[in-house]
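To start, the structure under review is shown below, and the notes come after it.
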Amino acid sequence: MAKSSYRITTPLNRGYLDHEISFPIFGWQIPATPLKQLVFLGGGMLVVVWAAMTTFIKDANPGLIVLFVIWGFIAVFYLGGLTKTRELRFRTVPAFLAYAPKRARHVLTRRNADPSEFYSIVGIDDVTEDGEIHYADGSVGQIYLVVGSASYLLFDEDRVAILDRVDSFWRKVQTTCEYDFITTKEPQRIYHQLANLERRNQALEIRDPDLLELQNEQHDILTEHVGGKFSSIHQYVLLKGKSSEALRQARLILQAEVEQSSLMVKEATVLDREESYQMLRVFYQGVDAA
């Protein structure tokens, strides 16, 4: 049976300097602090003292030296602080410097402008006819429209069976491919309804004007209202492999899961190029414009 909760005791990307220690100073217990923060603070203060005692600053007015040391300590303690992700604030400086220029904060989208900067935001090189996505970093992806089986209205035995199946699925997943589940709210898909309406139109034996007008009205309702204004929840899974072989293995795992059991995924439909574009427009263009 699957566990009710999972816990990773140690982060997977934890290094030696990420270990936290706690020690007393003058009777005060210091909270657990990463080694990298202690090294940065200690090294920063030594650099400030060294600069004040051995560089040209030592020839300045004593008051200016004191102000320099105070300012240096404040800068060291500020940059040595921790962010919400337990990283040193100093590591955000390069990103801030890259973001500071006005050119880095504005992307021109005019027809006569260079599209390279806008193109780099998306990070997608090409989408093939069968919907395979090629990213700028060399990875390959595929989008599936999926239907799951999660619900609050489940019996205990059904919930346990679903949890066991989900636990078994993730144990088979390899680290060379990402499984990104995406939930969107977008206009309803009306491909099947339009195809059925077209079949009915082709099967008409009598081309009566009133019947044709009725079918045109139904077509307008589907395209302008149901497929344009009525939104519904759609769930996708993006398989993104480091290579074509990694994506192929991920496809086999997902396909086997759909064929063998409907507890985790009841249905999975691969999206072609146009359907992938429609899903991506939700993020890059907006629902209304899609």
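Note that this is a predicted model, so its numbers are computed, not measured.
For the pair L239 and L254, the minimum side-chain heavy-atom distance is below 4.5 Å. Residues K240 and D137 form a side-chain contact, since some pair of their non-hydrogen atoms from C-beta on lies under 4.5 Å apart. The shortest distance between side-chain heavy atoms of T184 and I182 falls below 4.5 Å. By the 4.5 Å heavy-atom criterion applied to side chains, E198 and L194 are not counted as neighbours. A heavy-atom distance below 4.5 Å is found between the side chains of I133 and I143. Residues H134 and V127 form no side-chain contact, since every pair of their non-hydrogen atoms from C-beta on lies 4.5 Å or further apart.
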Practice task
Run the numbers on L88 and L79 for side-chain contact (heavy atoms from CB on, under 4.5 Å), then give the verdict.
Solution key: CA-CA 7 Å; L88 292 177; L79 295 176; over 6 Å; no

Exercise for the section: List the steps, then state whether side-chain contact (heavy atoms from CB on, under 4.5 Å) holds for V237 with D180. Expected result: CA-CA 5 Å; V237 57; D180 299 323; over 6 Å; no

Practice task
Give the intermediate values and the outcome of side-chain contact (heavy atoms from CB on, under 4.5 Å) for residues T183 and I233.
Solution key: CA-CA 7 Å; T183 302; I233 300 298; 3.7 Å; yes

Problem - Q235 vs V147, side-chain contact (heavy atoms from CB on, under 4.5 Å): CA-CA, chis, key distance, verdict - result: CA-CA 7 Å; Q235 188 171 37; V147 178; over 6 Å; no

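One finds the OH atom of Y236 at 8.5 Å from the CD atom of E275 (value rounded to the nearest 0.5 Å). We find the CG-CD distance between D220 and Q218 to be 10.0 Å, quoted to the nearest 0.5 Å. Here the CE-CD1 distance, from M264 to I162, works out to 11.0 Å after rounding to the nearest 0.5 Å. In this structure, S262 OG and R165 CZ are separated by 9.5 Å, a value rounded to the nearest 0.5 Å. Atom-to-atom distance recorded for I253:CD1 and Q174:CD is 5.0 Å, nearest 0.5 angstrom. With values rounded to the nearest 0.5 angstrom, L247 atom CG is found 6.5 Å from Q142 atom CD.
With sequence neighbours excluded, no residue forms a side chain to side chain contact (heavy atoms under 4.5 Å, CB included) with D59. For Y179, the ring pair (Phe, Tyr, Trp, His ring centres under 6.0 Å) partners at least two apart in sequence or on another chain are F169, W170. Not counting sequence neighbours, the partners of A256 by the side chain to side chain contact (heavy atoms under 4.5 Å, CB included) test are Q260. Residues meeting the salt bridge (Lys or Arg N to Asp or Glu O under 4.0 Å) test with E178, sequence neighbours left out: none. Take A268 and apply the side chain to side chain contact (heavy atoms under 4.5 Å, CB included) test, not counting sequence neighbours, and it matches Y144, V146, V258, V265.
Within 6.0 Å of atom OH in Y78, 12 or fewer heavy atoms from other residues, nucleotides or ligands are found, so the atom counts as exposed in its surroundings.
Clustering ILVMFWY residues whenever any of their side-chain heavy atoms sit less than 4.5 angstrom apart, transitively, puts L280 in the very cluster that holds Y135.
At a threshold of 4.0 Å, the pair E132-R273 does not count as salt-bridged, since none of the basic side-chain nitrogens sits closer than that to a carboxylate oxygen.
E274 and Q278 share no side-chain donor-acceptor pair at under 3.5 Å.
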Indicate every side-chain donor-acceptor pair of residues 31-50 with a distance under 3.5 Å to a residue at least two apart or in another chain.
unit_1: T33; atom_1: OG1; unit_2: P31; atom_2: O; d: 2.9
unit_1: K36; atom_1: NZ; unit_2: D18; atom_2: OD1; d: 2.9
unit_1: K36; atom_1: NZ; unit_2: R86; atom_2: O; d: 3.2
unit_1: K36; atom_1: NZ; unit_2: E87; atom_2: OE1; d: 3.3
unit_1: Q37; atom_1: NE2; unit_2: G80; atom_2: O; d: 2.9
unit_1: W50; atom_1: NE1; unit_2: T54; atom_2: OG1; d: 3.1

